[in-house]
There are 2 protein chains.
Amino acid sequence: MSASQPVRGTRVRGTRQAEALATALEDLAGFRSAQDIHAELRRRGERIGLTTVYRHLMVLSEDGAVDTIRDEDGETLYRRCETSEHHHHVTCRSCGRSVEVEGRAVERWADRVAAEAGFVDVDHTVEIFGLCPACAAK
Amino acid sequence: MSASQPVRGTRVRGTRQAEALATALEDLAGFRSAQDIHAELRRRGERIGLTTVYRHLMVLSEDGAVDTIRDEDGETLYRRCETSEHHHHVTCRSCGRSVEVEGRAVERWADRVAAEAGFVDVDHTVEIFGLCPACAAK
DNA sequence: TAATGCATGAAAACGGTTTTCACTATCGGT
DNA sequence: ACCGATAGTGAAAACCGTTTTCATGCATTA
């Protein structure tokens, strides 16, 4: 379903811009919005357009190379993925720092309750937000 | 924190529009977008503005009278709340029908993993999407 | 009835994201 | 090197759900 139509304008590697984005994602610790990431790249002196940042993030997330979540305002946040396994996050509301957590228990729970309700083709989103130790100290 | 500033334009009851919205929410089975609900009201011949629908839904959700979730496109969906206790939903991707499920297990899991990571002031979102039996049959 | 105050809603503003399209960089073949 | 084809880029515009503005309406009080 996803290998059918390669999105136009997306080599992900090989261009100056793709490289810069990859590096930035490497450095940035937590979940950031596309605009944040773009601003960071500009701050570093990179010449890159917001459009390109969105495009690459889109492909990277389809490929599973970055995780995405939605914050409470509905904005999409991106972060370089550490493991390719299915997992969830505890994310700091204030600084975006996040910790990956194992969630076999929730997976099982989600599958079970959905099955009990007779639903199929089931998917779930689980996100935990809070204040990280550093931000809580302030 | 929420009792400080009464939102302007929101009696929730007593006006023709508020009544119509309440009735529509009563009738509509599952989670619907504000625009859906507005369209439904118009279909029924109600004279009500989209703004008003948004305003009421906002207040109703603050009051806990309707549940809100976000679909995968980031749109907010609303549904009349059945119980005032904290709960989660299994929602049909196709028709919006949803089943409330008890989630003490997830609550505990969320609190535990957040605490292990040292996070405080923790909040979580858990949503399950799938196809309901009726929609799966098609 | 007049005055007051909140509710309403059309239209405009908003803000994140996506699309358009003219331009540029890259690569293979000659 | 020099094409010519193919794919990437990015500024600006379009999109679209949602919120704000503000002139008007309705209802309840004096």
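Side chains included, hydrogens not; waters and symmetry mates left out as well; all remaining heavy atoms used. All chains are named by letter (A, B, ...) in the order of the sequence lines, taking the proteins before the strands, and each is independently numbered beginning at 1.
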note: B:Arg47, atom CZ; D:dT24, atom P; distance rounded to Å ~ 18 Å
A:Glu72 atom CD is separated from C:dG15 atom C1', nearest whole Å, by 17 Å
| said: Would B:His124 and A:Val126 count as a side-chain contact (heavy atoms from CB on, under 4.5 Å) here? Give the steps. | reply: CA-CA 7 Å; B:His124 64 270; A:Val126 174; over 6 Å; no
Separation of C:dT17 atom P from B:Asp73 atom CG, nearest Å, is 13 Å
Answer yes or no: is there a donor N or O on one side and an acceptor on the other, between the side chain of B:Thr23 and the main chain of B:Glu19, under 3.5 Å?
yes
request  = Would you please say whether a donor-acceptor pair under 3.5 Å links the side chains of A:His86 and A:Glu107?
outcome  = yes
* Phosphate-side-chain proximity, A:Gln17 and D:dG10, N/O vs OP1/OP2 below 4.0 Å -> yes
Picking from D:dA11, C:dG9, D:dG10, the nucleotide nearest the side-chain atoms of A:Ile48 would be D:dG10
Separation of C:dA11 atom C1' from B:Arg55 atom CZ, nearest Å, is 13 Å
NE2 of B:His88 to OG1 of B:Thr125, rounded to nearest 0.5 Å, is 8.5 Å
B:Leu21 atom CG is separated from C:dT8 atom C1', nearest whole Å, by 14 Å
Q.
Applying salt bridge (Lys or Arg N to Asp or Glu O under 4.0 Å) to B:Glu40 and B:Arg44, what does each step give before you reach the verdict?
A. CA-CA 6 Å; B:Glu40 172 63 21; B:Arg44 295 179 178 200; 2.9 Å; yes
Taking A:His89 for the side chain and A:Asp67 for the main chain, is one N or O donor matched with an acceptor at less than 3.5 Å?
no
Side-chain atoms of B:Thr52 come closest, of D:dT20, D:dT9, C:dT8, to C:dT8
Checklist entry - Between the base of D:dA11 and the side chain of A:Thr51, is there any donor-acceptor pair under 3.5 Å? => result yes
**Message:** Is it the case that over 12 heavy atoms from other parts of the model lie below 6.0 angstrom from the CZ atom of B:Arg16?
**Reply:** yes
When you compare the protein's N or O atoms with those of nucleotides 14-18 of chain D, which come within less than 3.5 Å of each other, and at what distance?
| unit_1 | atom_1 | unit_2 | atom_2 | d |
| --- | --- | --- | --- | --- |
| D:dG17 | OP2 | B:Gln35 | NE2 | 3.4 |
| D:dG17 | O5' | B:Gln35 | NE2 | 3.3 |
| D:dT18 | OP1 | B:Thr76 | N | 2.9 |
| D:dT18 | OP1 | B:Thr76 | OG1 | 3.3 |
| D:dT18 | OP2 | B:Tyr54 | OH | 2.5 |
| D:dT18 | O5' | B:Tyr54 | OH | 3.3 |

Whole-Å distance, B:Arg16 CZ to C:dG9 C1', equals 11 Å
Between CD of B:Glu19 and P of C:dA7 the distance, given in whole Å, is 15 Å
Checklist line | Under 4.0 angstrom between A:His56 side-chain N/O and D:dG8 OP1 or OP2 | finding: no
Separation of D:dT19 atom C1' from B:Leu57 atom CG, nearest Å, is 14 Å
